[in-house]
Amino acid sequence: MAMAAITNPQLSFNLFNCSVTGREASISRQTASRIRYRFSSSRWLSLNSSSATNRSFDSFKSRCSIVNTDVHLNHVAVEDEDISTVDIGCCTTPIVQLKSDVLEAESLSMLTGDTYVDSLLTTLPVLTEEEQKTLAATPAHPEGLYAFYASCLAGNLVEQLWNFAWPSAIALLHPSLLPVAVMGFLTKLVIIIGGPLVGKLMDHSPRVPSYIFLNVVQASAQLLSAAMIIHAHTVSPASTSSILLRPWFAVLVLAGAIERLSGVALGVAMERDWVVLLAGINRPIALAQANAVLNRIDLLCEIAGTSLFGILLSKYDPVTCLKLAASLMVWSLPIMISLTWLTNKLSTGVLDRAKCCQASRRTSDEGPLPDAQNFVNTGLEAIKHGWREYVQQPVLPASLAYVLLYFNVVLTPGSLMTAFLTQRGLNPSVIGGFSGLCAFMGVAATFLSASLVRRFGILKAGAVGLTFQASLLTIAVAVYQSGTLSQRSPLLLFLCLIVLSRLGHMSYDIVGAQILQTGIPSSKANLIGTTEISVASLAESLMLGVVILANDVSHFGFLAMLSVLSVVGAAWMFCRWLLNPTEEQRSLFSFDPQL
């Protein structure tokens, strides 16, 4: 009796109680792939021979463990000759080819030449198509994901309320777009510079502590901003130029910049990192559903926040409304912190696990973590590294189309539109209703985008959304240029066209998020994500610079024309990329039936 062992770094076959000849076998090695297969169970197989011979074997045990490899057993070298079979006593057994596609579709078997062996190897269990879809639609950590949704609900409600509150309150100070435009412009500059640095810090910091810290910073900045605006409403009114030179306005700009930078970092962490871990990166249906839920939460919070503050502002003075908003900020912060801790606990500590890019494994071009001595150099290196990684990403045209949409700072429910409508004398409840309807279109887009993806594929669905938005905004600008907005009906038609255009905008926003999640490595999600926001902020700041120069309300038509041209350019760029796919694009989106 002899025992033979054939081994490979990822593959091992052990034959026990077998009688074999003294032949040497060799197995060709293959480069490891990303596909992972593991067969943990062992099978004992018996073979009884009718003839009495000392070369029969009583039992055969096979144990196969394949990890991160694509295995091929091609030939066996026997006495300097390649043969395709191995003689084991009276049996002649051919070499079996093991490939990933075979393991997925076919059961394994071993055949003999001289003796027919029934059930030599038990058929390996393979999930049915329905079971695979069920698994793909099941989140990896459902309880943690639900707690994460609750945390996002608490944080987004306050954030969306404040995003509507501060431009409304500032617009009531003086009939000009200049204060709002200046504050937005300087805020975007801070995001352009600080975005990559914050993203790099988050990629090298523990998730939960850094997330809680950013929530505290954001809430503190919101409270400070509210205090400054309350102070501005209590002092005597001043001209626009003197407002920009007041100390409270400088503090307001600084606090607003910190608040937005923290909000951007939190948003990137939620959408590009946390949700992927909780839903499961290898569970595409669950991840798509989680993305849709996050968008619905954000948009429903926008509806609730804008409508609530609009109603309050129509009934009470701005100072009272700001005090109520500040109270909501104070009460929501401990709730968010508790829900963040609960999310990590219910997900069995998945958020505590080390990231792919640890500090001990950093590459030389990433540089050391910043401290008091090299903070500036590290910041500049982080910005350089972030922009380099952003330019080299495989889905750059889709990201640039998303950036072009940020040039549209006028025909969108934002601070400038709120200030414009406020200065035209519209009731605050009507303005809040307009913002709420825009958000409602976003909620509808979370359902519409799924139908678009099923019908057109993920890439063509994005093109449909951009084209729809560009068409409706072109009509809206034509209505505005007709000069009839002084009447009520044309103004409502103008606003309705903007509301409907949000359906296309949010459809692309949802589809684009999944495109970027597919094309960007998880180890660089925060870095590239915050850099993308920095590039988008650069585009928005350029447009806000134009608004600063043309801050009079009479120039709104010119600003609206520039906005619609940016949307048309985004649609053209994405469609051009779609019509000329590269091999890397085909590889990344091989699951898209329309590509």
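Note that the numbering runs from 1 along the sequence shown for the chain.
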Looking at [Y], is its backbone amide N or carbonyl O close enough to the side chain of [X] to form a donor-acceptor pair, meaning the two atoms are under 3.5 Å apart?
X    : Y    : value
T530 : L527 : yes
D509 : H505 : no
Q160 : L157 : no
S449 : T446 : yes
S347 : N344 : yes
S151 : F148 : no
N156 : C301 : no
S399 : V395 : no
S507 : L503 : yes

Closest heavy-atom contact between [X] and [Y]?
X    : Y    : answer
A154 : I335 : CB-CG2, 4.3 Å
P206 : S210 : O-OG, 2.7 Å
V158 : M329 : CG1-CG, 3.5 Å
V350 : R207 : O-NH1, 4.3 Å
A439 : L299 : CB-O, 3.3 Å

Minimum side-chain heavy-atom gap [X]-[Y] below 4.5 Å:
X    : Y    : answer
H141 : L346 : no
L516 : I528 : no
L466 : V567 : no
Q469 : N408 : yes
K188 : L538 : no
F164 : P413 : no
V217 : E259 : no
I192 : S541 : yes

To the nearest 0.5 Å, tell me how far L459 CG sits from F574 CZ.
5.5 Å
Those residues that, when tested against S415, pass side-chain contact (heavy atoms from CB on, under 4.5 Å) (two or more places apart)
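Checked S415 against side-chain contact (heavy atoms from CB on, under 4.5 Å); matches are W166, P167, V180.
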Charged N-O contact under 4.0 Å between E159 and R260
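A salt bridge is present here (some side-chain N lies under 4.0 Å from a carboxylate O).
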Basic-acidic side-chain contact under 4.0 Å: K345, E143:
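No.
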Any idea how Y402 and Y508 line up, ring-wise: parallel (<30°), tilted (30 to 60°), or perpendicular (>60°)?
tilted
Flag if over 12 foreign heavy atoms under 6.0 Å of CD, Q392:
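Result for CD/Q392: enclosed.
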Tell me whether the count of non-hydrogen atoms from other residues, nucleotides or ligands lying under 6.0 Å of OH in Y149 goes above 12.
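Above 12, so yes.
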Under the criterion salt bridge (charged side-chain N to carboxylate O under 4.0 Å, His left out), I'd like the reasoning laid out for K384 against E389: C-alpha separation, chi angles, the key distance, then a yes or no.
CA-CA 9 Å; K384 179 181 177 181; E389 292 290 345; over 6 Å; no
Examine R502 relative to F440 and say whether NZ or CZ is less than 6.0 Å from the centre of the six-membered ring and inside a 45° cone about the ring axis.
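No - R502 does not lie over the ring of F440 by the 6.0 Å and 45° rule.
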With W274 as reference, evaluate L145, T340, V268, L266 under the side chain to side chain contact (heavy atoms under 4.5 Å, CB included) test and give the passing residue.
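So the option named by the test is T340.
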Without hydrogens or angle criteria, can the side chains of E271 and N291 be said to hold a donor-acceptor pair below 3.5 Å?
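No, no side-chain donor-acceptor pair sits under 3.5 Å.
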